[in-house]
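Reading through the structure tokens given below for one structure.
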There are 2 protein chains.
Amino acid sequence: MNQSKILKDLISDNLVSDPNGARGRLLKEAARLFRDKGYERTTVRDLAAAVGIQSGSLFHHFRTKEEILKAVMVETIRLNTALMQAAVDAAPTSQEKLRALVRAELESVNGQTGEAMAVLVFEWRSLAEESQADVLELRDIYEKLWLDTLESLRQEGRLLADPFVVRRMLTGALSWTVTWYRPERGGLTLDGLTDQTMAMMGFAPGA
Amino acid sequence: MNQSKILKDLISDNLVSDPNGARGRLLKEAARLFRDKGYERTTVRDLAAAVGIQSGSLFHHFRTKEEILKAVMVETIRLNTALMQAAVDAAPTSQEKLRALVRAELESVNGQTGEAMAVLVFEWRSLAEESQADVLELRDIYEKLWLDTLESLRQEGRLLADPFVVRRMLTGALSWTVTWYRPERGGLTLDGLTDQTMAMMGFAPGA
DNA sequence: CAATACCAAGCAAGCGCTTGGTTTGTAAAC
DNA sequence: GTTTACAAACCAAGCGCTTGCTTGGTATTG
């Protein structure tokens with residue numbers, strides 16, 4: 001199952017918005033603005049201007065500004081859970097599953113959905129506590145993918161550290177790439193960056 | 001040279017504010033508030049109330065709110081550069097130097113100066129661009145400590161990945177601990193967490 | 001008696017959001 | 001194939017509130 005097929009399925013199930021529709025376009029622009037300027041510094045007037053409507057008209061689609069932030073996060077997490085699930089299923093061994101997860105997360109963070117993923121990481125505090133709980137529930141689903149894979153490696157003796165700790169370290173390390181990784185300069189590709197991440201943990205490429 | 005000696009030297013050189021003075025107390029409270037609520041959500045009235053003065057009186061000590069943010073960052077980076085320098089100097093081998101750096105950064109992030117370090121990481125965007133340049137200059141000094149150490153390990157064949165990439169991965173991973181590491185629960189000490197970090201990279205403890 | 005530290009009051013600007021009314025898309029009714 | 005009906009999408013205006021910061025004056029300190 002390829003990536004665009006996964007996206008289409010989610011759209012037809014109403015789990016993520018069609019990026020060509022009004023709602024989807026707004027969420028895309030919102031993600032970009034929230035990442036670039038931060039949620040607090042982005043005004044509803046900025047958001048409205050980005051999609052060419054008046055600020056008041058936003059509230060026809062969303063009840064509050066915070067609902068926009070939550071929608072960005074929820075839809076992003078849904079899409080990426082599906083992508084990661086597919087990546088894991090396609091890989092045969094534990095080490096290859098880990099590589100697939102690292103690669104998928106790097107792509108989430110630095111690719112198409114990068115803006116939204118950055119928002120998920122850096123604008124967490126701006127979500128109301130009640131909304132945080134809802135999003136956390138979704139996040140647990142895909143955290144399990146990581147933990148199962150890391151647990152297998154641990155049992156195979158190929159990982160020295162605690163899977164829980166490693167997952168959290170990787171969350172930080174991979175998310176942080178959004179602040180410095182620029183594929184257009186330096187010649188480091190996403191595959192190259194994936195190899196470097198694996199190498200950092202002592203996994204030689206192709207082994 | 002122990003930690004409180006280092007702090008005292010910096011204070012007498014006017015490089016960091018005495019935490020008992022008016023300015024130092026404000027910066028400490030500011031760091032806490034900025035970490036807890038974010039820079040934008042923290043008002044000058046919040047800051048003033050935290051040290052028991054009127055909001056207008058803040059501007060007797062600082063010209064703008066942003067100047068407070070910058071001061072938090074600059075003083076934190078100065079202190080931690082000095083602490084890291086001491087930690088590296090005290091360790092004999094490359095691996096022990098790396099362990100000392102990891103340990104020192106974990107302590108910066110999760111210990112006394114943790115609030116300010118979290119601000120340095122997560123409130124970066126709220127700094128005006130001009131201020132960012134000033135702080136970046138200071139940061140380069142202590143980044144060099146890391147790169148020199150990682151470069152040595154690389155040449156010894158004990159590190160498979162590129163030092164630049166590893167340092168950035170570690171920046172993310174270690175900073176991120178501030179969002180989940182709670183020494184009071186779970187029984188994982190800072191030393192334990194340091195061991196886990198080293199183990200993740202394939203360095204067994206005490207080797 | 002000067003400098004430093006502070007207070008009380010408030011201003012101008014910007015914020016999220018509301019309101020009442022108009023346009024646009026769609027599809028059944030005639 | 002034009003008319004009617006109606007909801008969805010949007011605009012223009014602005015309200016009530018909060019924001020960072022200023023001002024003019026008063027204690028406090030060496």
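We name chains A, B, ... by the order of the sequence lines, and we start the count at 1 in each one. Every heavy atom of this structure was used, including side-chain atoms; hydrogens, water molecules and symmetry mates were not. Since the structure is predicted, the reported quantities are computational estimates derived from the model, not experimental observations.
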Separation of atom [atom1] in [X] from atom [atom2] in [N], rounded to whole Å:
X	N	atom1	atom2	result
A/Ile53	D/dA12	CD1	C1'	14 Å
B/Arg23	C/dT4	CZ	C1'	16 Å
A/Phe59	C/dG20	CZ	C1'	17 Å

Base-contact (B) and sugar-phosphate-only (S) positions in nucleotides 13-19 of chain D, heavy-atom cut-off under 4.0 Å, - elsewhere: -B----B

Distance check: side-chain N/O of [X] vs OP1/OP2 of [N], anything under 4.0 Å?
X	N	result
A/His60	D/dA9	yes
A/His61	D/dC10	yes
B/Ser57	C/dC7	yes

Axial cation check for B/Tyr39 ring with B/Lys65, 6.0 Å and 45° limits: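 B/Lys65 over B/Tyr39 ring: yes.
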
Sidechain N-carboxylate O distance under 4.0 Å for B/Glu123, A/Arg125: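 Yes, B/Glu123 and A/Arg125 are salt-bridged.
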
salt_bridge(A/Glu115, A/Arg32) N-O dist < 4.0 Å: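 No, A/Glu115 and A/Arg32 are not salt-bridged.
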
Nearest-0.5 Å distance that lies between atom CH2 in B/Trp176 and atom CG in A/Leu170: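 Between B/Trp176 CH2 and A/Leu170 CG, I get 13.0 Å after rounding to 0.5 Å.
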
For the student: nearest non-hydrogen atoms of A/Ala71 and A/Leu27, plus distance: CB-CD2, 3.8 Å

Of all pairs that satisfy side-chain hydrogen bond (donor to acceptor under 3.5 Å, both in side chains), the ones with a partner from residues 82-93 of chain A, not counting sequence neighbours: A/Thr93-A/Glu96

